[in-house]
Amino acid sequence: TAAAAEATVAVATNFLVPLRSLSEEFAARTGHSLRISSGSTGQLYAQITNGAPYDVFLSADAARPRRLEEAGATLPGTRRTYALGRIVLWSAEPDRVSAGGARALRTLGDGKIAIANPEVAPYGVASQEALERLGFWEPFQDRLVRGINVAQVFQFIGTGNAAMGFIAMSQLAGRPKGGEGSIWIVPPDLHDPIRQDMVLLERAEGNEAAFAFLDFLASPEVLARIESFGYSAPTN
Amino acid sequence: MPAAENPAAPRLEANLRLDRGDFRLEASLDARLSGVTAVFGPSGCGKTTLLRAIAGLEREARGRIAFDGTVWQDDRTFIPTRERRAGLVFQDARLFSHLTVRGNILYGHRRTPADERIFQPETVIRLMALEPLLGRRVSSLSGGERQRVSFARAVLATPRLLLMDEPLASLDQDRKEEILPFIERLAGELAIPTLYVSHEIDEVVRLASDLVLVSDGRVVASGPIEEVSNRFDLRSYAGRLDAGSIIRMRVAGHDEETGITRFAFAGGEVIGPRVDLPEGAAINLRVRSRDVAIALDRPGRTSILNVLPGRVVEIGPNDGPQAHVLLDVGTALWARIMRRSVNELELRPGRPVYALIKAVAVDRRSLGRPTAMDLSLEERDAAPPDGRR
Amino acid sequence: MPAAENPAAPRLEANLRLDRGDFRLEASLDARLSGVTAVFGPSGCGKTTLLRAIAGLEREARGRIAFDGTVWQDDRTFIPTRERRAGLVFQDARLFSHLTVRGNILYGHRRTPADERIFQPETVIRLMALEPLLGRRVSSLSGGERQRVSFARAVLATPRLLLMDEPLASLDQDRKEEILPFIERLAGELAIPTLYVSHEIDEVVRLASDLVLVSDGRVVASGPIEEVSNRFDLRSYAGRLDAGSIIRMRVAGHDEETGITRFAFAGGEVIGPRVDLPEGAAINLRVRSRDVAIALDRPGRTSILNVLPGRVVEIGPNDGPQAHVLLDVGTALWARIMRRSVNELELRPGRPVYALIKAVAVDRRSLGRPTAMDLSLEERDAAPPDGRR
Amino acid sequence: MPFDFEPLWLSIELAAITVAILLAVGTPIAWWLARTRSRLRVAVEAVVALPLVLPPTVLGFYLLLMLGPGGPLGGLLLSVTGSSLTFSFEGLVFASTIYSLPFVVQPVQGAFEAVGRGPLEAAFALRARAFDAFFTVVVPMARRGFITGGVLGFAHTLGEFGVVLMVGGNIPGETRLISIAVFEHVETLNYPAAHALSATLLGFCFLVLLTVYAVNRRFPVHAGR
Amino acid sequence: MPFDFEPLWLSIELAAITVAILLAVGTPIAWWLARTRSRLRVAVEAVVALPLVLPPTVLGFYLLLMLGPGGPLGGLLLSVTGSSLTFSFEGLVFASTIYSLPFVVQPVQGAFEAVGRGPLEAAFALRARAFDAFFTVVVPMARRGFITGGVLGFAHTLGEFGVVLMVGGNIPGETRLISIAVFEHVETLNYPAAHALSATLLGFCFLVLLTVYAVNRRFPVHAGR
Ligand SMILES: Nc1ncnc2c1ncn2[C@@H]1O[C@H](COP(=O)(O)OP(=O)(O)OP(=O)(O)O)[C@@H](O)[C@H]1O
Ligand SMILES: Nc1ncnc2c1ncn2[C@@H]1O[C@H](COP(=O)(O)OP(=O)(O)OP(=O)(O)O)[C@@H](O)[C@H]1O
Ligand SMILES: [Mg+2]
Ligand SMILES: [Mg+2]
């Protein structure tokens with residue numbers, strides 16, 4: 001149909017790997033291409049409000065796309081949830097947390113438990129909620145270490161510095177040998193949904209690639225792919 | 001010829017004032033500079049500061065400096081150092097540690113337009129015996145080697161006025177003997193007037209035609225060296241500076257066999273060690289007053305080869321146990337003898353006497369023995385436009 | 001008394017080898033050091049390097065050094081500089097730029113145990129006229145002021161061996177006159193042997209009892225100064241070093257009115273400018289060979305006050321137009337006269353002659369005029385344990 | 001994924017340009033600081049060191065504010081040149097320059113002070129003009145300071161990523177530097193790639209530093225005795 | 001939210017301790033580098049500069065590996081002291097020390113080289129022992145280098161963020177530094193708080209630097225003439 005276009009996508013780091021893989025499919029299917037910039041959600045937000053040349057914003061939360069929309073920096077009607085995050089409790093030691101729930105957490109002893117910083121990371125908020133609902137938030141205060149994001153939490157645990165911690169399920173899914181150590185998939189009812197929203201930015205006006213990408217992400221095949229990356233499909 | 005008597009010599013006027021903590025330089029100088037003018041004074045009296053101010057390195061110095069008709073500095077003007085073309089040999093060498101000896105020596109030369117250059121680097125290098133050092137880093141040089149490099153460097157920039165701050169202080173006598181005639185020629189034949197700070201009385205007396213006496217930041221006297229150094233009112237400043245008498249003579253003849261040269265002057269002839277000058281050449285000889293004895297009778301068979309008849313002109317005021325006696329032997333001649341002899345010999349103005357001078361005490365004062373310098377003068381016209389290597 | 005003749009004087013043995021690019025130090029020295037031993041040699045011959053090696057600052061120097069019975073360095077030992085207690089006055093002052101003059105001066109003093117200290121800081125400060133400078137930053141000092149600080153600093157650390165590298169090069173004559181007697185006493189009465197590098201012939205001759213001649217990295221001779229400086233085979237090294245004759249005398253009497261002192265020696269009496277010593281005191285006098293004339297007849301009425309009868313002992317080998325003639329006037333006396341006079345006067349060994357010496361040419365050689373130093377010696381015992389302020 | 005050299009070259013280019021600018025800008029500042037007797041000197045010294053104090057991302061944030069189209073500098077630039085500096089290679093250069101300035105100014109200033117006025121005066125007396133003397137005497141004698149400053153500035157620009165990520169926006173081929181690429185690999189748990197890139201970076205820098213120091217060593221500035 | 005001073009004090013404490021350790025550790029290294037004729041010197045110089053090249057988070061990651069219970073150093077520490085260094089203030093100190101080492105070593109080394117052997121030799125000849133001479137002569141004469149190094153090290157430790165976040169784990173009262181706090185405010189769009197904290201940090205550092213430079217200025221090391 002139309003000539004091939006290019007859209008610049010600003011993506012929260014936790015969705016970078018899935019996006020890279022999806023962008024090939026996108027290109028194959030639509031003939032358009034993506035330029036991908038990644039960063040933390042807060043960083044991307046600050047950049048966007050200061051004129052960054054992005055067409056599409058894939059956030060790790062729901063708040064910032066909304067704020068951009070409120071500020072009128074987006075194309076109306078383009079904000080939607082593209083994935084729901086899942087958290088898992090992970091330990092590098094086999095069987096340590098397989099039992100799940102309070103039993104798993106009780107094995108912590110003097111060790112450290114790592115979560116993403118709830119102040120800045122949606123996954124951290126979910127982790128905090130899960131701990132609170134299981135009644136461990138208060139008792140663990142002195143054993144809590146906070147990573148800037150789940151990637152850092154993964155490193156804390158992977159290097160054995162933290163005994164266990166909450167990471168994104170997508171992190172394990174993205175790894176060839178995702179099964180090492182032990183995991184417990186946190187049931188969704190232990191935390192509010194981690195909505196990862198996207199929005200087209202003002203700059204995407206008339207950019208066919210950007211609109212095509214919006215549709216692409218909502219297609220059922222792609223949603224299935226997103227689930228395979230360790231997310232839940234959005235329900236809207 | 002002392003500069004003061006030479007109307008063609010460039011005139012240096014300086015009226016400077018500079019405060020440095022407790023020290024105040026307040027120097028007033030108005031001198032015609034030709035040849036070497038010695039700057040003499042005790043340690044810490046402000047000689048270095050004065051030279052620096054003349055060179056334009058003391059921005060805070062207030063006052064006026066004019067050289068050879070150009071105002072270098074006054075209330076409105078401040079000509080920078082490089083345009084003054086004042087060559088400086090610093091007391092502390094100040095070699096460029098990142099350059100080799102060659103790099104140091106050629107630094108100023110390369111910045112001198114070819115038509116202003118007087119010397120070939122090779123000439124100066126040979127004279128200063130710097131060949132073996134050329135490729136060396138300056139950090140490996142000995143004290144005297146540094147001084148030679150510093151000296152060569154300044155000279156090769158062909159300054160209009162050379163300011164030397166104890167340039168030969170750590171050189172041995174032989175090396176000095178090589179370099180002194182070179183300085184004399186720079187100042188004399190090449191007309192690069194030179195202010196020369198030195199504590200070495202011998203050096204001062206040998207080199208300088210004029211003398212600037214500095215004390216406690218002030219210029220207390222300046223003028224021809226014999227005059228200043230013999231002025232009785234300046235004794236306390238000039239201290240042990242014993243210039244003696246400088247006598248202009250002509251070479252009257254050589255006696256190859258005994259290694260003797262005869263010099264003729266108004267009062268007759270004097271004998272001294274051989275000098276390499278053709279018959280008839282003019283030369284300044286120096287006779288120190290301490291080397292002159294006085295006799296009333298012509299002595300008999302002695303090794304004292306110079307016996308000059310004359311008469312007493314004046315006897316200096318009381319100067320401790322010693323007395324300075326001015327004789328007229330066809331020219332003025334100072335003698336320093338014990339006051340007791342003045343009494344014993346009943347010396348008084350007008351009395352006929354003989355002046356006795358050992359031949360070995362006759363110093364040729366300028367026009368040193370031939371050195372690499374003589375070559376340099378021949379090369380001067382033949383010099384290629386660029387001395388770079 | 002030259003050290004070589006003094007069996008109580010500490011012995012310095014050095015057998016050193018050090019390579020520095022093209023330059024090789026290969027010095028062999030075995031000398032008893034008492035008083036001042038001058039190190040003399042042309043620029044770049046290795047004097048500084050030799051002193052540094054003796055002080056233990058040249059780690060790469062191979063060989064053996066022993067001083068006063070202690071091995072400082074050999075194949076296995078290397079005593080560090082501070083334990084050698086070799087005081088160094090560097091050619092380039094090397095003051096501590098972060099300290100004031102006072103801080104510099106007291107640096108070594110504070111590190112010297114109270115019972116080893118010989119001087120009060122006040123004494124040395126007074127002698128060097130450093131009072132007005134005490135609070136100053138060293139960067140504001142003049143060249144001569146730096147040297148004085150450097151000198152004071154070294155002395156106040158009470159070294160066992162003092163190594164001085166041209167310490168007085170930029171000092172004026174008056175200041176030198178103040179400091180030289182101090183050095184003489186350091187070396188003489190306080191028995192701090194001193195190796196003293198200088199290019200100043202006058203200084204060397206005045207201060208040193210012994211001489212080490214260095215040439216091209218090697219020690220070519222060492223021994224009592226009169227001997228070394230008069231050895232004909234060393235003429236080419238010793239160059240223009242004219243030591244003359246050093247004669248031990250007693251003060252025979254003063255003539256206050258004429259400012260004259262009479263000195264008695266084996267051959268009679270000599271007259272010279274007044275010295276401040278009591279009658280009967282021993283003193284070394286120096287008579288330079290250039291100041292001695294020879295006569296066959298006793299001269300008549302002249303200002304030459306010293307006429308010493310004697311005879312010719314020896315006439316030196318051909319040395320250009322000049323001749324060195326050794327006389328016996330009751331003591332050995334060298335005369336330098338023109339060779340022509342040797343012929344004219346038909347001088348030959350055994351011939352009776354008169355030696356003529358102007359009184360103004362009689363130099364007292366050591367035991368200078370009284371200075372702050374005299375005070376310091378009195379203070380020595382009364383010194384409080386700590387000189388800090 | 002084939003080894004992607006682009007971020008490496010881009011980083012080297014950025015570091016080289018930044019160091020060049022830092023030397024050009026930092027040298028006069030250092031010279032002024034080393035020479036002046038002005039009372040301002042102390043304040044300027046402190047200001048030069050300040051960029052260091054802020055966390056890089058925060059500094060980046062402020063630079064973004066300042067350089068963005070709404071910022072004071074960015075607005076000006078926009079109206080003059082038609083584009084602001086953010087999200088461009090030029091913007092990275094600007095940000096790195098600000099951020100690494102103290103690394104260059106301070107060592108160079110120290111070296112200038114150590115050289116002192118003496119050599120300059122000697123050069124003037126040898127007919128050198130001010131610039132000539134500065135470049136042929138002062139600069140070579142202060143070489144150690146330039147090397148220290150250049151190395152710190154270069155290495156720091158290579159390694160820095162907070163500021164450049166913020167100001168540059170991680171745009172492939174334009175502002176995606178090797179430090180950001182390494183960071184991305186770590187963030188996405190692609191450790192082998194991170195190790196490989198880091199090793200490349202380290203190896204490259206090690207060689208560069210080795211060369212710089214080896215060359216420097218052959219020309220010791222100061223007398224060893 | 002009341003203004004939370006804890007991260008500020010913690011940061012200052014960290015920076016102060018780090019600088020103290022850096023001076024203690026960096027000085028001998030700098031001295032060795034300035035004096036040695038070993039061929040190793042060039043390599044060591046390069047190695048010292050290397051931490052700079054890695055992006056902080058990457059360096060933090062490697063430190064995490066090294067210091068973790070499975071790492072070479074962490075394992076050793078664990079068996080000796082019962083705990084590894086990660087997620088503790090001590091760990092931050094260690095990490096900051098590694099990270100800021102070149103900032104101290106290089107200027108100090110430069111200053112040592114500028115001082116040269118001369119003053120040391122003079123001190124030895126004045127009976128000073130090696131340590132005495134070093135501290136009473138070499139160090140004061142190299143003061144400018146120490147100040148440069150100390151300032152760069154201090155400011156950089158205050159501003160550093162990637163490494164400390166990684167190694168420290170952001171534990172309030174223990175490893176939560178002001179740089180992290182500022183970053184959090186920026187990330188959460190709490191700009192007023194970020195501005196306030198940044199301003200406090202800058203103001204404090206400005207005063208510190210002003211004092212350091214003003215004091216230094218009163219004791220110029222080198223002759224001005
Ligand atoms: N790295 C080097 N390569 C070659 N020669 C060197 C090196 N370092 C020193 N020298 C030479 O060693 C010699 C001895 O130097 P030293 O400083 O001991 O001389 P000196 O006798 O003290 O001279 P001066 O009276 O001029 O101070 C000098 O000729 C010097 O050039
Ligand atoms: N900042 C200062 N405060 C007080 N006095 C100072 C200051 N700077 C220099 N001086 C003094 O100025 C005087 C002149 O110094 P200058 O270097 O000109 O002396 P000089 O005649 O060259 O001495 P020398 O023969 O010893 O080299 C010295 O007494 C020095 O102490
Ligand atoms: Mg001077
Ligand atoms: Mg020497």
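Computed from heavy atoms alone, side chains included, the values below leave out hydrogens, waters and symmetry copies. Letters go in sequence order (proteins before strands), and every chain restarts at 1.
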**Request:** Might you work through the side chain to side chain contact (heavy atoms under 4.5 Å, CB included) test for C:L305 and B:M338, ending with a clear yes or no?
**Result:** CA-CA 8 Å; C:L305 292 175; B:M338 297 306 289; 3.6 Å; yes
**Request:** Give, for atom CG of C:N343 and atom CD of B:E257, the distance between the pair rounded to the nearest 0.5 Å.
**Result:** 8.0 Å
**Complete:** Ranking C:G300, C:G21, C:G143 by heavy-atom pairs under 4.5 Å to chain B gives rank one to C:G143
**Message:** Tell me the closest heavy-atom pair linking B:L345 and C:S303, and the distance in Å.
**Reply:** CD1-N, 3.5 Å
**Prompt:** With only heavy atoms counted, which part of B:E166 is less than 4.5 Å from chain C, the side chain, the backbone, both or neither?
**Reply:** side chain
**Request:** Measure the shortest side-chain to side-chain distance between C:I260 and B:R339 over non-hydrogen atoms and say whether it is less than 4.5 angstrom.
**Result:** no
**Message:** Counting only heavy atoms not in C:D216 (residues, nucleotides, ligands), do more than 12 fall under 6.0 Å from its CG?
**Reply:** no
**Asked** Side chain, backbone, both or neither: which part of B:L347 has a non-hydrogen atom closer than 4.5 Å to chain C?
**Response** neither
**Asked** Between B:P132, B:G44, B:G46, which residue shows the highest count of heavy-atom pairs closer than 4.5 Å to chain C?
**Response** B:G44
**Message:** Please report the interatomic distance OG1(C:T258) to CZ(B:R340), rounded to the nearest 0.5 Å.
**Reply:** 6.0 Å
**Fill in**
Residues C:P273 and B:Q322: closest non-hydrogen pair is CG-NE2, 3.7 Å
**Prompt:** What pair of heavy atoms forms the shortest contact from B:S43 to C:R148, and how long is it?
**Reply:** OG-NH1, 3.2 Å
**Selection from C:I337, C:D297, C:V292 maximising heavy-atom pairs under 4.5 Å formed with chain B** = C:D297
**Asked** Should B:I304 and C:L356 count as side-chain neighbours, where that means a heavy-atom distance under 4.5 Å?
**Response** yes
**Prompt:** Between C:K358 and B:D291, is there a side-chain N and carboxylate O pair less than 4.0 Å apart?
**Reply:** no
**Complete:** Ranked by heavy-atom pairs below 4.5 Å to chain B, first place among C:V353, C:I294, C:V342, C:D255 goes to C:I294
